[in-house]
Each structure stands twice: as C-alpha cells, then as structure tokens.
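Note sheet for the following structure.
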Amino acid sequence: MEFEKSYDLLVAGAGVAGCAAALEAARAGLKVALLEKTVFTGGLATTGLINIYLPLCDGYGRQVLFGMAEEFLHESARYGPGDVPAQWRQSPVDGKHYRYRLTFSSASFTLALDELLMKAGVDLWLDTLVCLPILDGNRVVGVEVENKSGRGAVYAKCVIDATGDADVAYRAGCECAYGENFTSIWIFQASLATARQVAESGDASALLDGVRLRSQPGQASIDPERRRWDATDGKDVTAYVQETYHLLREHYAKLHAEGGEKDRHNLYPITLPAMAQFRRTRRIVGQATLSDGQDGQRFEDSIGLSPDWRKPGPIWEIPYGTLVPRGRDAILAAGRCIDSEGDAWEVLRVIPPAAHTGQVAGLAATLAIQNGTVPREVPVDAIQKALREKGIPLHIDEVL
C-alpha cells in the first residue's frame with residue numbers, strides 16, 4: 001500500500017445520498033472521508049444529467065420530506081436556474097397537481113454541493129476508485145482505493161455504502177438483490193429555436209434544453225433482443241451506453257433530415273452523461289424490506305417518509321432496517337441501494353428519498369460511533385428522537 005488514512009466515518013459514493021451522509025456526520029463533529037470515482041459530486045443528478053429534483057410533497061399541498069432532502073432542493077438552484085411552483089401548497093389547482101419540485105442545472109448543483117462539503121469540513125476524495133472492503137472478522141473497517149497516489153487503505157469506525165450499486169456491501173459479503181434497466185438516455189442540446197424563445201422571453205431557464213429518450217417496442221436497435229440490462233455486468237454497461245448513443249444518433253439523423261432550424265448547424269447535442277444512467281442496479285438485502293403495496297403502512301421503526309414522484313397521493317414510511325445490511329457489521333446503505341423492491345424501489349431510488357436516507361445513515365453512523373457500537377445495535381428510538389429534533393416527521397399521520 002502506498003498510503004493509509006484513518007477516519008471516524010467513511011462514505012463510499014458522493015451522489016446525493018453520500019453527500020447527505022457525509023454532511024450529517026461532519027456537522028456533528030466527526031472526521032469524515034467521502035470517496036468518489038468521478039470528479040463531480042452529485043452522482044446521477046449531476047454527472048448523470050438527471051436534473052429534475054422530484055417532489056417533496058404528496059401532490060395535495062402536504063410536504064412529506066424535510067431535512068437535508070429539502071436543503072438540497074434549494075441548493076440545487078442556488079447558482080441558478082430553477083423555481084418551485086408557487087401553487088404547490090394549493091394543489092390541485094384547476095385539476096392540475098403542482099408539486100414541491102424543480103428543474104435545475106447539474107453544473108450549478110455540483111458547485112453548491114462542493115461548497116457545502118467544504119464548509120462542513122468533509123475530506124473529499126475525488127477521482128478515487130473504491131476497490132475492496134477491508135474486514136476485521138464480521139466488521140467492515142475500511143476500503144482499499146486506487147487514485148493518482150497509487151493503491152491505499154482508508155480505515156474508519158463505520159462505513160456507509162452510497163455507491164448506488166451496493167458495491168462495498170456486495171464485496172464485503174452482504175446479501176444483495178438485483179434489478180433491471182430499460183434503455184434510456186437524458187442529454188442537453190443546443191437549439192436555435194430554443195435560443196430564439198429565450199431571447200424573446202428574457203428568461204434563460206429554457207436553455208436547459210433536455211432531450212429524454214427511451215427505447216420503444218419496434219424501434220431500431222443495435223441488439224433488438226436486448227431491452228433489459230444488468231448494470232453490475234461490465235460488458236452490459238458498455239453495451240448499454242452504446243445502445244443509448246445509437247438512440248441519439250437515430251434521433252438526430254431524423255431531425256437533421258428535416259433541415260432548417262433542425263439541421264446539424266442549429267440543433268445538436270452539447271452534453272452527454274458521464275456515467276451510465278441506470279436506475280435500479282444492485283441493492284442490499286437488509287434487516288427489513290419495503291415492498292409493493294406498503295404505501296400507507298405504519299412502521300414503528302420508521303425513519304422518515306417519501307411521496308410517490310409518479311402520482312399524487314401515496315406516502316411511504318421507510319423502516320430503519322432497510323438501511324442495515326445482513327451479514328456484516330459497521331456498515332450501512334444509503335440511497336437507491338437500500339432494501340426496497342418492486343414499486344417501492346421505484347419510489348425510493350430518486351433524488352429526494354436518496355438524500356433523506358443518506359442523512360439518516362449519517363445520523364445513525366454518528367450515534368454508533370459516539371456510543372462505541374455498530375449501526376445494527378443503535379436503538380431506533382434514539383435515531384427517531386434525533387430526527388424529530390430536526391423537525392423531520394416519521395409517520396404518515398404527522399403530515400396529514
């Protein structure tokens with residue numbers, strides 16, 4: 001090993017979940033390392049160009065998510081643009097459900113997250129690949145990493161897996177489950193027609209001109225038999241990215257053939273995602289599983305709530321056990337790789353609940369470290385007490 005470092009808490013992955021976990025612990029006074037394989041914080045929201053901060057409310061004017069999930073929503077637009085619809089608290093309005101959400105610039109969000117981490121004193125390791133967990137018996141006590149300094153070991157009293165793919169938990173021997181992904185890509189483009197609209201309106205927000213494509217039945221494909229992808233298979237990752245580029249080439253070839261404002265001089269891609277835009281990849285199997293049909297259900301170990309970003313109405317309580325992997329100690333999961341399946345996984349994989357579970361993981365890890373124990377043994381009522389002190393509701397009847 002070329003180097004060794006030691007911390008109180010190590011967080012693998014600097015997406016929104018990892019950033020929230022690191023911030024929560026650092027603000028509590030812990031020495032925190034945040035490891036990220038790219039040179040951007042924010043994960044899919046920034047590196048991946050998924051630039052919609054989905055709702056914090058239930059679609060009927062009731063806020064469901066608070067804490068760092070709400071803080072990050074406002075931070076995403078601090079360096080512009082993005083505004084929450086003024087009518088969201090009165091929804092529905094004229095039959096339309098306005099939500100507490102906004103569209104942001106991925107670059108602006110990265111700048112804001114980086115600033116938050118610096119102010120909190122988080123030790124951020126960019127361009128650092130997490131390779132293998134380090135075990136001491138049943139405990140995860142650190143990870144081996146690779147970066148420009150070479151191969152090193154980063155040790156900690158507790159580890160949070162916020163990789164999105166449960167990479168650390170899986171390699172540590174925790175039980176995991178898998179999801180599938182359809183072919184889909186989001187990019188930003190330059191458009192003469194959009195530029196003209198902006199010039200006329202005086203509002204540059206529309207320059208966030210997003211293109212969102214997904215494969216459809218019967219659509220031409222490099223590999224017509226492939227509509228589902230294994231995001232934990234190296235060759236599938238490459239094939240998936242190539243397939244999304246194929247969709248884009250088809251898209252622009254068709255538009256350019258129309259000429260005029262749609263020719264290649266006036267309409268073209270300007271930013272591609274710097275990571276594969278998978279949604280559901282690999283997750284832990286935890287001490288609890290959130291499953292289909294459990295929206296509206298009360299859990300005594302709930303650590304917060306999530307609305308359904310797809311439709312107004314449903315609210316989900318999130319059991320603490322969904323963050324605690326089976327098979328190893330001194331490790332927690334946060335973000336889209338917590339234990340949720342089916343419809344619940346679809347609800348919880350997105351930015352706001354990822355930020356929330358990240359904050360909870362950071363809080364639980366802090367309590368474990370301060371009390372010389374492991375997250376599995378932290379009393380849930382201690383976590384709940386700390387969350388209530390932050391103004392975070394834990395049960396559905398508290399927001400209705």
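A salt bridge is defined here as a Lys NZ or Arg NE, NH1 or NH2 lying under 4.0 Å from an Asp or Glu carboxylate O, and Asp343 with Arg310 meets this definition. A salt bridge links Glu115 to Lys119: one of the charged nitrogens lies within less than 4.0 Å of a carboxylate oxygen. Using a 4.0 Å cut-off between charged nitrogen and carboxylate oxygen, Asp165 and Arg282 do not count as a salt-bridge pair.
Cluster partners of Ile284: none. The rule joins Ile, Leu, Val, Met, Phe, Trp and Tyr whenever side-chain heavy atoms lie under 4.5 Å apart, and it links nothing here. In the hydrophobic clustering, where aliphatic and aromatic side chains (Ile, Leu, Val, Met, Phe, Trp, Tyr) are joined below 4.5 Å either directly or transitively, Val374 stands alone. Other members of the hydrophobic cluster containing Val154, listed by chain and number, are Phe3, Tyr7, Leu10, Leu35, Trp125, Val130, Leu135, Val140, Val143, Val145, Val159, Val168, Ile331; membership follows side-chain contacts under 4.5 Å among ILVMFWY residues, whether direct or relayed.
Expressed to the nearest 0.5 Å, how far OG1 of Thr47 lies from CD of Gln277 amounts to 10.5 Å. Taking CZ of Arg280 as the start and CD of Glu346 as the end, the distance is 4.5 Å to the nearest 0.5 Å. Separation of atoms CG (Leu111) and CG (Leu116) is listed at 11.0 Å; rounding is to 0.5 Å. Atom OG1 of Thr357 and atom CD1 of Ile338 lie 5.0 Å apart (nearest 0.5 Å). Asp127 contributes atom CG, which lies 12.0 Å from atom NZ of Lys37 (distance to the nearest 0.5 angstrom).
Few gaps surround CZ on Phe66; more than 12 heavy atoms of other groups in view lie less than 6.0 Å from it. Sparse packing is recorded around CZ of Arg264, with 12 or fewer heavy atoms of other residues, nucleotides or ligands lying under 6.0 Å away. Applying the 6.0 Å contact sphere to CZ of Phe299 captures more than 12 heavy atoms from other residues, nucleotides or ligands. Surrounding CE of Met118 are at most 12 heavy atoms belonging to other residues, nucleotides or ligands under 6.0 Å away.
Under a cutoff of 6.0 Å and an axis angle of 45°, Arg283 and Trp345 form a cation-pi pair. Geometrically, Arg99 does not engage Trp88 in a cation-pi contact, judged by NZ or CZ lying under 6.0 Å from the ring centre and within 45° of the ring axis.
Classified by interplanar angle (parallel below 30°, tilted 30° to 60°, perpendicular above 60°), the ring pair Phe72/Phe109 is perpendicular. Between Tyr60 and His97, the angle of the ring planes goes over 60°, which puts this pair in the perpendicular group of the 30/60° scheme.
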Apply side chain to side chain contact (heavy atoms under 4.5 Å, CB included) to the pair Ile52 and Trp186, showing each step before the final yes or no. CA-CA 11 Å; Ile52 298 179; Trp186 291 23; 3.8 Å; yes
Given Ile392 and His356, is the side chain to side chain contact (heavy atoms under 4.5 Å, CB included) satisfied, shown in steps? CA-CA 10 Å; Ile392 296 173; His356 179 69; 3.7 Å; yes
Side chain to side chain donor-acceptor pair (under 3.5 Å) for Asp203 and Ser205? Distances and angles first, verdict last. CA-CA 6 Å; Asp203 180 1; Ser205 297; 2.9 Å; yes
Can Tyr170 and Asp161 be said to form a side chain to side chain contact (heavy atoms under 4.5 Å, CB included), step by step? CA-CA 10 Å; Tyr170 170 75; Asp161 187 335; over 6 Å; no
Could you check Glu71 against Arg27 for salt bridge (charged side-chain N to carboxylate O under 4.0 Å, His left out), going step by step and ending with a plain yes or no? CA-CA 14 Å; Glu71 179 183 357; Arg27 287 171 177 176; 2.9 Å; yes
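Counted by atom type alone, Thr289 and Asp339 present one or more donor-acceptor pairs between their side chains at under 3.5 Å. Side chains of Tyr320 and Gln384: no donor on one and acceptor on the other come within 3.5 Å.
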